[in-house]
Amino acid sequence: MPVEEFVAGWISGALGLVLGHPFDTVKLLGFFKGMSFPIASIAVVNSVLFGVYSNTLLLLTATSHQERRAQPPSYTHIFLAGCTGGFLQAYCLAPFDLIKVRLQNQTEPVAQPGSPPPQYQGPMHCAASIFREEGYRGLFRGAWALMLRDTPTVGIYFITYEGLCRQYTPEGQNPSSATVLVAGGFAGIASWVAATPLDVIKSRMQMDGLRRRVYQGVLDCMMSSVRQEGLGVFFRGVTINSARAFPVNAVTFLSYEYLLRWWG
Ligand SMILES: CN(C)C(=N)NCCC[C@H](N)C(=O)O
């Protein structure tokens with residue numbers, strides 16, 4: 001199994017993350033604070049995403065990354081490989097994403113003099129507390145919603161990227177840097193617009209269980225959210241998700257493509 005796509009995915013995920021971090025945290029003064037946990041986790045997850053995507057395409061089409069410009073895979077194969085990558089990345093992402101959402105939703109992010117300490121004092125403490133209070137399965141709370149979010153939307157991600165690259169690149173050639181940046185950016189936006197409804201539900205499921213369980217499952221969470229807040233609930237955060245997605249995924253794809261070209 002070729003591993004360079006896993007390594008390129010790891011590095012490009014870390015680079016994209018540095019750009020995306022300010023959008024990911026509401027605490028704007030702390031822009032680049034506390035980045036070691038996101039870098040370690042998201043880079044691993046991105047490595048799974050790109051590594052599984054490329055190796056699934058290899059299985060489906062018997063072409064390596066280097067051969068795919070001359071023998072482009074069909075969009076069906078690209079979509080299937082993307083969905084497989086999305087499904088497996090969601091499984092790896094679930095505990096890390098849960099910790100991120102729990103930490104970001106703390107009203108008191110840092111200890112204030114005179115007030116009780118925040119419930120979670122950092123990523124490791126958060127993981128240990130969830131494990132102690134909600135069990136091993138607690139670490140995977142919201143994982144179903146995450147898989148439903150990521151499986152089709154990562155298919156959309158790679159279809160958009162490949163489609164735009166093919167549109168603006170002469171046949172058989174590598175796309176230019178500008179094309180990769182724009183195609184990567186729009187792939188990020190397209191996938192996040194499609195992912196936002198389930199992203200909202202996923203975050204609610206992950207916060208559920210902190211005090212008492214409110215939702216019976218993904219469907220129940222969807223129904224009661226719509227009942228209480230209307231259909232607009234599914235588009236909450238779509239603008240910030242898209243604004244973050246463009247630079248993050250432009251840089252992710254550019255570094256991924258160039259790393260693989262350098263390694264031959
Ligand atoms: C849930 N969605 C939209 C995706 N998983 N899309 C593909 C990768 C996105 C990239 N790691 C990012 O953080 O923007």
Side-chain angles (χ1 to χ4, degrees), residues 17 20-31 34 38 41-42 45 83 86-87 89-91 93-110 118-120 123 126-127 129-130 133-135 137-157 160 185-249:
L17 179 108
H21 194 62
F23 293 94
D24 247 342
T25 175
V26 193
K27 293 155 259 158
L28 292 175
L29 284 176
F31 259 21
S41 58
I42 305 303
V45 169
C83 291
F87 181 77
Q89 82 136 16
Y91 186 76
L93 178 63
F96 296 122
D97 194 62
L98 175 71
I99 292 166
K100 185 185 92 171
V101 168
R102 290 277 175 98
L103 288 174
Q104 283 180 338
N105 279 285
Q106 286 195 135
T107 40
E108 293 288 349
V110 285
Q119 181 174 9
Y120 303 127
C126 180
S129 314
I130 296 174
E133 285 154 26
E134 300 166 54
R137 289 187 59 196
L139 285 169
F140 285 84
R141 199 173 296 284
W144 272 115
L146 196 61
M147 282 176 194
L148 288 173
R149 184 196 78 173
D150 285 8
T151 304
T153 57
V154 174
I156 293 172
Y157 182 63
T160 310
F186 278 110
I189 292 187
S191 69
W192 273 106
V193 168
T196 297
L198 271 158
D199 189 58
V200 173
I201 300 305
K202 180 246 2 149
S203 301
R204 290 178 180 203
M205 300 286 303
Q206 287 170 325
M207 289 306 290
D208 200 25
L210 205 50
R211 277 168 204 97
R212 60 184 185 87
R213 296 288 296 279
V214 178
Y215 307 118
Q216 310 287 318
V218 175
L219 202 63
D220 180 44
C221 179
M222 277 181 173
M223 305 291 270
S224 58
S225 300
V226 172
R227 221 176 293 122
Q228 284 163 25
E229 294 155 75
L231 279 174
V233 73
F234 288 140
F235 301 97
R236 198 157 288 169
V238 72
T239 314
I240 184 92
N241 285 349
S242 305
R244 172 194 164 279
F246 193 94
V248 168
N249 292 288

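Quick note: numbers below take in every heavy atom, side chains included, and nothing from hydrogens, waters or symmetry partners.
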Asks: With rounding to the nearest 0.5 Å, note down the distance linking CE in M223 to CD in Q228.
Replies: 12.5 Å
Asks: Can a donor-acceptor pair be found, under 3.5 Å and without considering hydrogens, that links the side chain of D220 to the backbone of Y215?
Replies: no
Asks: How many angstroms lie between atom OH of Y157 and atom CD1 of I189, to the nearest 0.5 angstrom?
Replies: 12.0 Å
Asks: Identify the two heavy atoms, one from A194 and one from I156, that lie closest to each other, and give their separation to 0.1 Å.
Replies: CB-CD1, 3.8 Å
Asks: With respect to Q206, which candidate in I201, N105, V101, I130 satisfies the side chain to side chain contact (heavy atoms under 4.5 Å, CB included) definition?
Replies: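 One option only clears the test, and that one is V101.
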Asks: With rounding to the nearest 0.5 angstrom, report the CG to OG distance, L231 to S225.
Replies: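 Rounded to the nearest 0.5 Å, the CG-OG separation comes to 11.0 Å.
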Asks: Walk me through it: do R102 and Y120 pass the test side-chain hydrogen bond (donor to acceptor under 3.5 Å, both in side chains)?
Replies: CA-CA 8 Å; R102 290 277 175 98; Y120 303 127; 3.1 Å; yes
Asks: For L146 and A90, work out which heavy atoms get closest and say how close.
Replies: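 Looks like CD2-O, 3.5 Å.
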Asks: Identify the two heavy atoms, one from C126 and one from L103, that lie closest to each other, and give their separation to 0.1 Å.
Replies: CB-CD2, 4.2 Å
Asks: Identify the heavy atoms of P152 and C83 that sit nearest to each other, and give their distance.
Replies: CA-SG, 4.1 Å
Asks: Taking the side chain as C-beta and beyond, is there a heavy-atom pair between T160 and S191 under 4.5 Å?
Replies: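 No, side chains not in contact.
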Asks: Please check: side-chain N/O of D199 versus main-chain N/O of A195, any donor-acceptor pairing under 3.5 Å?
Replies: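 Between the backbone of A195 and the side chain of D199 there is no qualifying donor-acceptor contact (under 3.5 Å).
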Asks: Any side-chain heavy atom of V233 sitting closer than 4.5 Å to one from R204?
Replies: yes
Asks: Let me confirm one number: the SG-CE distance from C221 to M207, rounded to the nearest 0.5 Å.
Replies: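 If we round to the nearest 0.5 Å, C221:SG and M207:CE are 12.5 Å apart.
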Asks: Nearest 0.5 Å, what's the CZ-CG distance between R236 and N241?
Replies: 12.5 Å
Asks: Are the side chains of I42 and L93 in contact, using a 4.5 Å heavy-atom criterion?
Replies: yes
Asks: Do F234 and V226 come close enough that some side-chain heavy atom pair is under 4.5 Å?
Replies: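 Yes, at least one pair of side-chain atoms sits under 4.5 Å.
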Asks: Would you say that more than 12 heavy atoms from the other residues, nucleotides or ligands in this model lie under 6.0 Å from the CZ of F186, or not?
Replies: no
Asks: Is there a side-chain contact between R213 and R141, using heavy atoms and a 4.5 Å cut-off?
Replies: yes
Asks: So do the side chains of L198 and M222 get within less than 4.5 Å of each other, counting heavy atoms only?
Replies: yes
Asks: Measuring only between side-chain heavy atoms, which start at C-beta, is W144 closer than 4.5 Å to M205?
Replies: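 A side-chain contact under 4.5 Å is absent here.
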